Structure formats: C-alpha cells, structure tokens
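Nothing here was measured: the structure is a model prediction, and the numbers come from that model.
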Amino acid sequence: MHRIVVIGAGYAGMLTAVSLIGRTRRRDDVSVTVVNATERFTERLRLHQTATGQKLPELPIARFVDDLDVGWVTGIDLAARTVRIDDEREIGYDTLVYALGGSADTSLVPGAADHAYTLDSAHDAELFARRLGEMSEGRVLVCGGGLTGLEAATEIAERFPQLTVTLLGRAEPGQDLGPKARDYLRSALRRLRVSVQVAEIATVRADGAELADGGFAPADVILWTSGVRVSPLAAKAGLTVDDQGRIVTDATLRSVSHPEVYAVGDAAAITQRYGVMHGTCQSGMPTGAHAAAQIVRELDGKAPRPFRFGYIHEPVSLGRRDAVIQFVHPDETPKRFYLSGRAAVWYKETVSSAPWNTYGRVLRTPLIGILGWRRGGQYTR
C-alpha cells in the first residue's frame with residue numbers, strides 16, 4: 001500500500017486530495033489521508049463576509065474525503081516519513097503533500113499580535129464580527145492595503161455605516177490595477193467613506209497604530225491583514241525553504257531536498273519564468289491538481305512533468321453591491337480590460353463560489369482539474 005498523506009485542506013490541499021482520490025479510486029494499492037485542523041472547509045475568499053456577521057454555508061470536508069484525520073500537525077519526521085498530530089499520534093506516509101497555507105504576519109510590527117484581530121480562520125473572523133456587532137459607533141482601523149484589507153474595509157463600511165473605517169497601508173490601495181480600474185476603486189472607497197492613509201506602521205497599540213513618520217492612527221478596533229507568514233514546521237523538519245519559510249520546489253512541485261514531499265499553495269516557493277508565484281486561490285488550486293497528477297504518474301513509473309501557470313485576473317469585492325475585476329497578463333501585469341459594477345459583482349461571486357463545486361466535479365472527473373487553468377504561454381515557456 002502506497003500511503004499518500006495531504007496535510008492542510010485549504011483551496012490547494014482540497015483540490016490535491018479530491019484529484020488523488022478520483023485518480024486512484026479503482027486502485028487497491030494506494031491510500032489517501034487528509035489531515036486538517038477542522039472538519040469544515042474554510043472559504044478564505046469569503047472571510048471578510050464572515051468578519052461582518054454574514055452567515056456562510058457549512059462545508060464539511062468529509063463530503064468529498066472519506067479518510068479525514070482532524071487535528072493539528074505538530075511535527076514531521078522526514079527520515080521516518082511520519083506526521084505527528086496534536087503531539088499525541090503519528091501517521092506514516094510514502095508521499096507527503098504539504099499544503100498548510102499561510103496567515104497574516106502579525107510578527108511584522110510590535111503589538112500587532114497582541115492588539116489586532118486577523119482573518120486567518122473562520123473562528124478569527126467570527127470573533128472580529130462579534131466585536132463589530134457590539135459597536136454602536138467608533139473607529140475601525142484596517143492595517144494592510146492589499147486585496148484582503150480592501151475587501152474587509154469596504155465590507156465593514158457597507159455593513160456598519162455608523163463606524164468610521166480607515167484603510168492603512170504602505171502603498172496606495174489598488175496599485176497593481178490598471179489606471180481605470182484603480183480610479184474606479186478609489187471612487188468606490190470615497191462612496192463608502194473609507195479613509196485611506198499611506199504610512200509605515202511602527203507599533204500597534206490597543207488604541208491605534210503609531211506610525212514611522214511620528215504620526216498616530218487612532219482606533220477602537222484593529223484588523224491586521226498585512227503580510228503573509230507560513231508555518232515553521234517545514235523549516236523545523238529540515239526541508240529546504242526560502243527566506244519566508246516556504247518550501248522550495250523543483251519544476252514539478254517536489255521539494256528540492258526531499259522529492260517524496262510535494263508542496264502546493266501558499267506554503268510553496270514555486271518559480272516561474274516571471275518570478276516566484278505568490279499565494280492565491282487562483283494559483284493554489286492549479287498547484288494541487290498538478291501535484292496530484294504527478295504523484296499518480298510516479299506511481300505508474302513515469303517521470304513527473306513541470307508545472308506552468310499564468311494569472312488571469314485580480315478580482316476585488318467592494319462590499320456586496322460593487323466590485324472591480326482587473327484582467328491581467330500571465331505574469332499578472334494589468335491588461336487594459338476590466339469589469340466594474342454589477343457585472344463585476346456577478347463575476348466575483350462566481351469566482352468565490354466556484355471552488356467547492358469544483359471539488360465535486362474533479363472527484364468525479366479528475367481530468368477537469370488539469371484542464372482548468374492557464375499555462376501562461378510564452379510567459380512561462
């Protein structure tokens with residue numbers, strides 16, 4: 001029996017798992033086990049909705065995965081090929097898929113871990129929503145001008161118009177969008193009365209953020225969305241990682257130091273011709289589908305194939321009634337074309353709701369997972 005263990009059931013881990021299960025269902029020499037901290041699949045693309053008190057559907061991982069082990073991965077023994085769970089038990093593997101993902105980096109600035117909420121899990125988002133629900137007035141400071149910060153700030157402003165919302169980041173929001181899409185984004189922020197402040201944060205306090213230029217951004221509640229950090233487990237285990245702790249992979253998504261380990265999603269440092277990919281659902285799910293296909297190729301005695309990926313879009317929700325979609329070249333530089341308004345709302349909702357249904361389709365027809373992403377053409381060749 002060849003034991004395949006997938007640790008982490010986020011967007012990338014789930015697609016890896018269902019692809020493997022679908023591809024090996026008729027084999028009696030392969031087992032697929034998924035280890036995840038919760039029984040529920042977390043729609044990270046929608047956590048800004050959870051953070052404002054909106055109820056999302058319960059999505060049980062067991063709907064698609066029979067062998068689910070619920071618990072925290074606390075260690076990996078590469079020599080023994082075992083994964084330790086909750087410091088209490090171990091499971092062995094012959095092939096490991098590392099898909100533990102990333103979280104907001106509250107270590108970047110002193111005080112962030114102590115005084116700011118995050119959207120790292122459904123539980124974290126629910127805690128923040130509870131705090132917002134207690135406020136009849138006050139100031140909300142969203143730290144981080146990336147897509148997560150943008151979506152959170154606009155969602156809060158729309159759902160809680162009695163609150164003052166400030167978006168604080170090191171650069172102007174939407175800087176990666178094209179000029180027209182960026183102008184639309186700025187007008188939406190003004191319409192929702194979201195204040196934008198560009199500054200470096202020096203320290204986070206309970207009552208706001210001290211800025212590197214000597215200024216101060218006051219707040220009654222703080223949400224931290226800046227930076228990404230990954231679990232230190234990979235580095236502690238002895239896998240080769242980059243300066244951010246992500247597993248360095250070869251062209252096929254295998255660890256360069258331990259080829260029996262595949263790394264997918266946010267936890268992997270995957271290099272394409274245009275540079276190292278950054279973690280998104282858009283890129284994470286293709287890495288999962290590709291890793292599953294290559295694992296099965298190796299089981300069949302074939303050499304794994306290289307991974308190629310090109311970006312398609314940069315979708316941004318601006319509350320429930322507005323959005324902007326920037327279409328991009330495979331290297332993620334913006335094209336001239338973008339969507340806004342109602343068409344963009346429909347597009348963004350379609351993108352956000354697609355993964356869960358995709359898992360069911362890939363489980364039934366694994367080839368769908370391989371066909372479902374952009375290879376990037378000359379940008380990745």
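Ala354 and Arg361 get closest at one heavy-atom pair: O-NH2, 4.5 Å. In terms of heavy atoms, Arg375 sits closest to Thr380 at O-OG1, 2.5 Å. Looking at every heavy atom in both residues, Thr287 comes nearest to Ala12 through OG1-CB, 4.1 Å. Between Ala209 and Leu168, the shortest heavy-atom contact is CB-CD2, 4.3 Å. Across Thr252 and Gln294, no two heavy atoms sit closer than the pair O-CG, 4.3 Å. Contact record, Ala125 with Leu47: CB-O, 3.8 Å, taken as the closest heavy-atom pair.
Checked by atom type and distance alone, the side chain of Ser255 pairs as donor or acceptor with a backbone atom of Ser257 at under 3.5 Å. Remark: the backbone N or O of Arg205 is not paired with any side-chain donor or acceptor of Glu210 at under 3.5 angstrom. Side-chain atoms of Thr82 do not come within 3.5 Å of backbone N or O of Gly92 as any donor-acceptor pair. Although no hydrogens or angles enter the test, the distance criterion places no donor-acceptor pair under 3.5 Å between the side chain of Asp86 and the main chain of Glu88. In this structure a side-chain-to-backbone donor-acceptor pair under 3.5 Å is present from Gln162 to Met135. Although no hydrogens or angles enter the test, the distance criterion places no donor-acceptor pair under 3.5 Å between the side chain of Arg159 and the main chain of Gly319. A donor-acceptor pair under 3.5 Å is formed between the side chain of Asp120 and the backbone N or O of Ala104. Counting only distance, with no hydrogens or angles, the side chain of Arg131 and the backbone of Leu127 share no donor-acceptor pair below 3.5 Å. The backbone N or O of Arg320 lies less than 3.5 Å from a partner atom in the side chain of Glu158, making a donor-acceptor pair. Without hydrogens or angle criteria, Thr33 side chain to Asp67 main chain gives no donor-acceptor distance under 3.5 Å.
To the nearest 0.5 Å, the span separating OG on Ser195 from CG on Leu167 amounts to 9.5 Å. The distance from atom OG of Ser231 to atom OH of Tyr98, rounded to the nearest 0.5 Å, is 4.0 Å. Here Gln272 contributes atom CD and Asp331 contributes atom CG; the two are 11.5 Å apart, rounded to the nearest 0.5 Å. One finds the CD1 atom of Ile76 at 5.5 Å from the CG atom of Leu233 (value rounded to the nearest 0.5 Å). Between atom CD of residue Glu298 and atom OG1 of residue Thr95 there is a gap of 6.5 Å, rounded to the nearest 0.5 Å. Taking CZ of Arg23 as the reference point, atom CG of Leu299 lies at 11.0 Å (rounded to 0.5 Å).
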Can Tyr262 and Thr16 be said to form a side chain to side chain contact (heavy atoms under 4.5 Å, CB included), step by step? CA-CA 10 Å; Tyr262 279 78; Thr16 309; over 6 Å; no
Side chain to side chain contact (heavy atoms under 4.5 Å, CB included), that's the test. Do Leu108 and Ser226 meet it? Break it down for me. CA-CA 8 Å; Leu108 289 172; Ser226 182; 4.2 Å; yes
For Asp176 and Arg182, what are the C-alpha separation, side-chain angles and deciding distance, and is it a side chain to side chain contact (heavy atoms under 4.5 Å, CB included)? CA-CA 8 Å; Asp176 295 330; Arg182 190 163 56 246; over 6 Å; no
Run the numbers on His278 and Thr280 for side chain to side chain contact (heavy atoms under 4.5 Å, CB included), then give the verdict. CA-CA 6 Å; His278 66 86; Thr280 65; 3.1 Å; yes
Would you check, one step at a time, whether the test salt bridge (Lys or Arg N to Asp or Glu O under 4.0 Å) holds for Lys302 with Asp300? CA-CA 6 Å; Lys302 301 175 183 177; Asp300 292 338; 5.1 Å; no
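Counting only N and O atoms by type, the side chains of Arg190 and Ser187 include no donor and acceptor under 3.5 Å apart. At a cut-off of 3.5 Å, with distance as the only test, no side-chain donor of Arg40 or Thr38 sits close to an acceptor on the other residue. Under 3.5 Å, the side chains of Gln49 and Gln54 contain a donor-acceptor pair of N or O atoms.
At least one side-chain heavy atom of Leu150 sits less than 4.5 Å from a side-chain heavy atom of Leu189. Residues Thr118 and Ser103 form no side-chain contact, since every pair of their non-hydrogen atoms from C-beta on lies 4.5 Å or further apart. Counting heavy atoms from C-beta on, the side chains of Ile295 and Val97 come closer than 4.5 Å. Put simply, the side chain of Asp77 does not reach to within 4.5 Å of the side chain of Glu90, judged on heavy atoms. With contacts defined as side-chain heavy-atom distances shorter than 4.5 Å, the pair Arg254/Pro304 qualifies. Looking at heavy atoms from C-beta onward, Tyr359 lies in side-chain contact with Leu15 at the 4.5 angstrom threshold. Taking 4.5 Å as the limit, some side-chain heavy atom of Lys348 sits within range of a side-chain heavy atom of Ile325. Residues Trp224 and His115 are not in side-chain contact: their nearest non-hydrogen atoms beyond the backbone lie 4.5 Å or more apart.
Within a 6.0 Å radius of NZ in Lys236, no more than 12 heavy atoms belonging to other residues, nucleotides or ligands are found. In this structure, Arg27 places its CZ atom where more than 12 heavy-atom neighbours from other residues, nucleotides or ligands lie under 6.0 Å away. Residue Gln378 places its CD atom among 12 or fewer non-hydrogen atoms of other residues, nucleotides or ligands, all under 6.0 Å distant. Within 6.0 Å of atom CZ in Arg191, more than 12 heavy atoms from other residues, nucleotides or ligands are found, so the atom counts as buried in its surroundings. More than 12 heavy atoms of other residues, nucleotides or ligands shown are found within 6.0 angstrom of CD on Gln197. Applying the 6.0 Å contact sphere to CZ of Arg193 captures no more than 12 heavy atoms from other residues, nucleotides or ligands.
Using bins of under 30°, 30° to 60° and over 60° for the plane-to-plane angle, the ring pair Tyr338/Tyr184 lands in the tilted bin. Ring pair Phe307/Phe309 is parallel by interplanar angle, where below 30° counts as parallel and above 60° as perpendicular. Taking the six-membered ring for Trp and thresholds of 30 and 60 degrees, Tyr379 and His329 have nearly parallel ring planes, at less than 30 degrees apart.
No continuous path of ILVMFWY side-chain contacts below 4.5 Å connects Phe128 to Leu45, so the two sit in separate hydrophobic clusters. Connection of Leu363 to Met285 is established within a shared hydrophobic cluster, with ILVMFWY side chains joined at heavy-atom distances below 4.5 Å, either directly or through further cluster members. Note on Ile85: it does not cluster hydrophobically with Val65, by side-chain heavy-atom contacts below 4.5 Å among ILVMFWY residues.
A side chain to side chain contact (heavy atoms under 4.5 Å, CB included) with Tyr311 is found for one member of Trp373, Tyr274, Phe327 and no other, namely Tyr274.
A salt bridge is defined here as a Lys NZ or Arg NE, NH1 or NH2 lying under 4.0 Å from an Asp or Glu carboxylate O, and Arg46 with Glu151 fails to meet this definition.
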